[in-house]
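Here is how names work: the chains are called A, B, and so on, in the same order as the sequence lines, proteins then strands, and each is numbered from 1.
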Amino acid sequence: MPSQSMAELRRRYLRHDKKFPHVWCPGCGNGIVLGALLRGIDRLALNKDDIVLVSGIGCSGRMPTYTDFNTLHTTHGRALAFATGVKLARPELHVLVVMGDGDATAIGGNHFIHAARRNLDLTAIIINNQIYGMTGGQTSPTTPYGSNATTAPLGHIEHAFSIAELAVTAGASFVARGTVYHATMLDRLISRAIGHVGFSVVEVMSNCHVQFGRRNGLGNAVQMLQWFKEHAIPLQPHDAKGTAEGAARMETALPPDSLDDRFTIGVLAERDKPNYIKEYDKIRHKADDKRPADAQDDRS
Amino acid sequence: MASPDQPRLLMQGNEAVVAGAIAAGCRFFAGYPITPASEIAELMATRLPAHGGTFIQMEDEIASIAAAIGASLAGSKAMTATSGPGFSLMQENLGFACIAEAPLVVVNVMRGGPSTGLPTSPAQGDIMQARWGTHGDHPIIVLATSSVADCFTLTVQAFNFAEKYRVPVVLLSDEVVAHTREAVRLPASDQVEVVDRVRPSVPPEWYIPYEDNSRGVPAMAAFGDGYRHHVTGLVHDQRGFPTQRPEEIDAFLRRLFRKITNGFYEIHMLRAFMMEDAEIGIIACGSVARSARRAVVMARQQGIAAGLVQLITLFPFPRQPLVAACSDCRAVLVPEMNMGQLSREVRRVLPDAIAIHKHNRIDGQLITPDELVKKLISI
């Protein structure tokens, strides 16, 4: 049964034989995302043996190490591709993938859009702190135009894209955006994403006050959380109507000035779409019908 | 694997790879189209579903090998297949399979390179890439196939090595072997020796995922079997967690080498043909070994005491058996469809007393028996 005390969640879901402390800086948003993930999982009362937590490289990549699931820390950008193999080999497992913005949408961008298109039943949690944190504050695909970064010391001249909107366009059947300020909303978004059958994405706006905030006058961790509070526009369920079209209308209905550096949070898309596992089962049945001899003869 | 009772089938090398993989228990394939390897993916797409397996076409070769490793970690026997450009893209995750000790078979149907190179003519330019392509120091098993029958047998063998030693195994084919059609009698499925990875026999709370043992190959749990553990591309301790402690790093990396060294006498495979009294030994692999075998017969008819050592295992390089096979030769000839990747290894291991002659062809054409006979006459 769900247990809500954080101490109990830590006892139940963190690895106690792992050498702590973790690698994250004090005030890092990753801890809030991890907390929300554990609450989201606990809410669904899933068996730990049935959960595979996969990550790529970067600060977010270390998250699985700390959790008492089946955990897989892969190469940079490739987490979704590894997760695809895990899920296809063991469809009954809940395969969750945690990535950063650079991990998921720069080096891993191709895997991300194709995972969304394919609609395999994976849950991608993308922690968007708008910077490469672990490597020292270089620009990522979500670093805002005009920001300062170690590889843009005179100001960033490229344009950011929206991870959640990219996911919607690429065909993900569940897309949500949250922030580390809206922590309790986040664990509900994550449990809905895990419960969704098909490819689900939760983009989490998070703070890297060390590598991003500090260079851009955004203050400390608390001040950055305050910024998320002031700039997030919660979508009401009736705004989005649970469809991508509804979400798109919501975004476009806002006057451009009002959106500026503001962003919507909530469920941006939720749609029924045939998912890969079920479709592949049909393929297997067709293959059985068509080639009965083949199934019995290993050599055929 | 002689199979006189089985029907004779006409098939191409790529088809035999698929048949071998399925016979070996492969139930997962992820790939990306590339000539001359695409038939492997196409046939896997057709056949795996009927065997309860899964085929997926991924968005690129990086994703293909990643998905195959993921499936392997979840308990499936997994494979991917590609050619030069795709093999280059797979190198990073090939290293992941090494460090995570994920059983995996990667088929590289070689074509001319570098880059897009020669689509689609045969070559043997990827021998050293198969050995050293991924970054960092690591052991690897590389096998080379030369016939349709070999494609079946060596694919089974590749899976067996992968499972037994928990390593990625690279099977090198080439355009000629892949597309040549030959009549073969494949063994019945119950006649194929299949090795499966050792799974943990202890209860989950006692399981130490990367615990050393006499073989140097830890028991491997699959995700979802109740043995919750951590898999990472970072150098890790016996529990699988990242470590920076020199003694743990050293013990881990040396074990990766030791498990292959321990298995050396099982892993190395070569075929000696008319070497008993040979004065000149040809050392070759892949489709070149076919021409070399013919050249040996033709040279013998002209009174030249030639022989052939066909290397099946390229890495770990079969030093001792090769030296033993060539010990009475005054010279060896190393023909290859590159500028001298195999000959460099041969030079490294043979005694100085044996003269080493190279014969290299890089024009996308097969080395013919005739040109080898001419070369033998000149030696």
Side-chain angles (χ1 to χ4, degrees), chain A residues 15 17-19 48-52 54 57 61-62 64-65 67-93 95 110-111 113-115 117-118 120 276 280 283-288 290-300, chain B residues 6 9 19 22-23 27-28 30 46-56 58-60 62-76 78 92-93 95-96 100 152 186-190 192 204 221-234 239-243:
Chain A
R15 279 193 169 122
D17 54 351
K18 165 74 186 77
K19 294 161 232 165
K48 290 194 289 185
D49 288 339
D50 297 338
I51 297 172
V52 185
V54 186
I57 294 292
R62 297 304 181 100
T65 318
T67 61
D68 189 19
F69 306 122
N70 303 283
T71 55
L72 174 56
H73 177 208
T74 72
T75 46
H76 197 19
R78 319 302 172 199
L80 283 168
F82 280 81
T84 297
V86 172
K87 181 68 182 179
L88 290 175
R90 294 291 289 266
E92 73 278 18
L93 301 178
V95 182
N110 199 32
H111 309 307
I113 59 175
H114 288 283
R117 173 184 66 77
R118 196 173 280 133
L120 180 64
Y276 195 95
Y280 205 81
I283 295 285
R284 286 210 185 102
H285 288 301
K286 278 188 202 168
D288 284 344
K290 234 170 79 182
R291 306 175 69 92
D294 201 39
Q296 291 155 17
D297 182 356
D298 280 348
R299 194 195 54 241
S300 52
Chain B
Q6 293 297 315
L9 302 169
I22 290 173
R27 292 297 178 268
F28 184 87
T46 306
R47 294 183 186 175
L48 272 180
H51 292 272
T54 305
F55 164 88
I56 187 167
M58 295 298 286
E59 53 273 15
D60 57 29
I62 299 171
S64 299
I65 186 171
I69 295 168
S72 177
L73 295 170
S76 275
E92 187 196 12
N93 283 336
F96 187 93
F152 180 91
L186 301 181
S189 51
D190 59 357
V192 177
F223 287 152
D225 282 353
Y227 294 81
R228 297 187 305 275
H229 64 288
H230 187 57
V231 178
T232 175
L234 289 165
R239 305 204 75 90
F241 297 129
T243 181

Next on the checklist: Run the ring-ring contact (aromatic ring centres under 6.0 Å, His included) test against Phe28(B) and tell me which residues pass, sequence neighbours left out.
Outcome noted: none
Item to check | Where Pro242(B) and Thr65(A) come nearest, the two heavy atoms and their spacing | outcome: CD-CG2, 3.9 Å
Checklist entry - What pair of heavy atoms forms the shortest contact from Ala50(B) to Ala287(A), and how long is it? => result N-CB, 3.8 Å
Checklist entry - Do Ser76(B) and Arg90(A) meet the criterion of a side-chain donor-acceptor pair at a distance under 3.5 Å? => result no
Next on the checklist: Could you go through Val231(B) and His73(A), starting from their C-alpha distance and side-chain angles, then the distance that decides it, and tell me whether this counts as side chain to side chain contact (heavy atoms under 4.5 Å, CB included)?
Outcome noted: CA-CA 6 Å; Val231(B) 178; His73(A) 177 208; over 6 Å; no
Checklist outcome for this item: In terms of heavy-atom pairs under 4.5 Å with chain B, the winner among Asp68(A), Ile113(A), Val54(A) is Asp68(A)
Checklist outcome for this item: Of Asp50(A), Thr74(A), Leu80(A), the largest count of non-hydrogen pairs under 4.5 angstrom with chain B goes to Thr74(A)
Atom pair [atom1] ([X]) and [atom2] ([Y]), whose distance is rounded to the nearest 0.5 Å:
X	Y	atom1	atom2	answer
Asp60(B)	His114(A)	CG	NE2	8.0 Å
Met58(B)	Arg118(A)	CE	CZ	4.5 Å
Thr232(B)	Ile57(A)	OG1	CD1	6.5 Å
Thr71(A)	Phe241(B)	OG1	CZ	6.5 Å

With chain A, which of [options] has the greatest number of heavy-atom pairs at distances under 4.5 Å?
options	answer
Gly52(B), Ala68(B), Ala78(B)	Gly52(B)
Gly233(B), Gly53(B), Ala221(B), Pro204(B)	Gly53(B)
Ala71(B), Ala30(B), Ala100(B)	Ala71(B)

Item to check | Heavy-atom proximity to chain A below 4.5 Å, by part of Phe55(B) | outcome: both
Checklist entry - Heavy-atom distance under 4.5 Å to chain A: side chain of Ile56(B), backbone, both or neither? => result both
Checklist entry - Are any of the side-chain nitrogens in Glu59(B) or Arg117(A) under 4.0 Å away from the carboxylate oxygens of its partner? => result no
Item to check | Part of Lys87(A) within contact of chain B (heavy atom distance under 4.5 Å) | outcome: neither
Checklist entry - Quick one: what part of Leu93(A) sits under 4.5 Å from any heavy atom of chain B, side chain, backbone, both or neither? => result side chain
Next on the checklist: Let's go through Tyr227(B) and Asn70(A) carefully: what are the C-alpha distance in whole Å and the side-chain angles of both, what is the deciding distance for side chain to side chain contact (heavy atoms under 4.5 Å, CB included) to 0.1 Å, and is it a yes or a no?
Outcome noted: CA-CA 8 Å; Tyr227(B) 294 81; Asn70(A) 303 283; over 6 Å; no
Next on the checklist: If you apply the rule side chain to side chain contact (heavy atoms under 4.5 Å, CB included), what do you find for Thr54(B) with Arg284(A), and how did you get there?
Outcome noted: CA-CA 9 Å; Thr54(B) 305; Arg284(A) 286 210 185 102; 2.7 Å; yes
Next on the checklist: Taking the side chain as everything from C-beta on, heavy atoms only, tell me whether Arg228(B) gets closer than 4.5 Å to Val52(A).
Outcome noted: no
Next on the checklist: Among residues at least two apart in sequence or on other chains, which ones pass side chain to side chain donor-acceptor pair (under 3.5 Å) with Asn93(B)?
Outcome noted: Thr75(A)
Checklist entry - Taking the six-membered ring for Trp, are the ring centroids of Phe82(A) and Phe96(B) within less than 6.0 Å of each other? => result yes
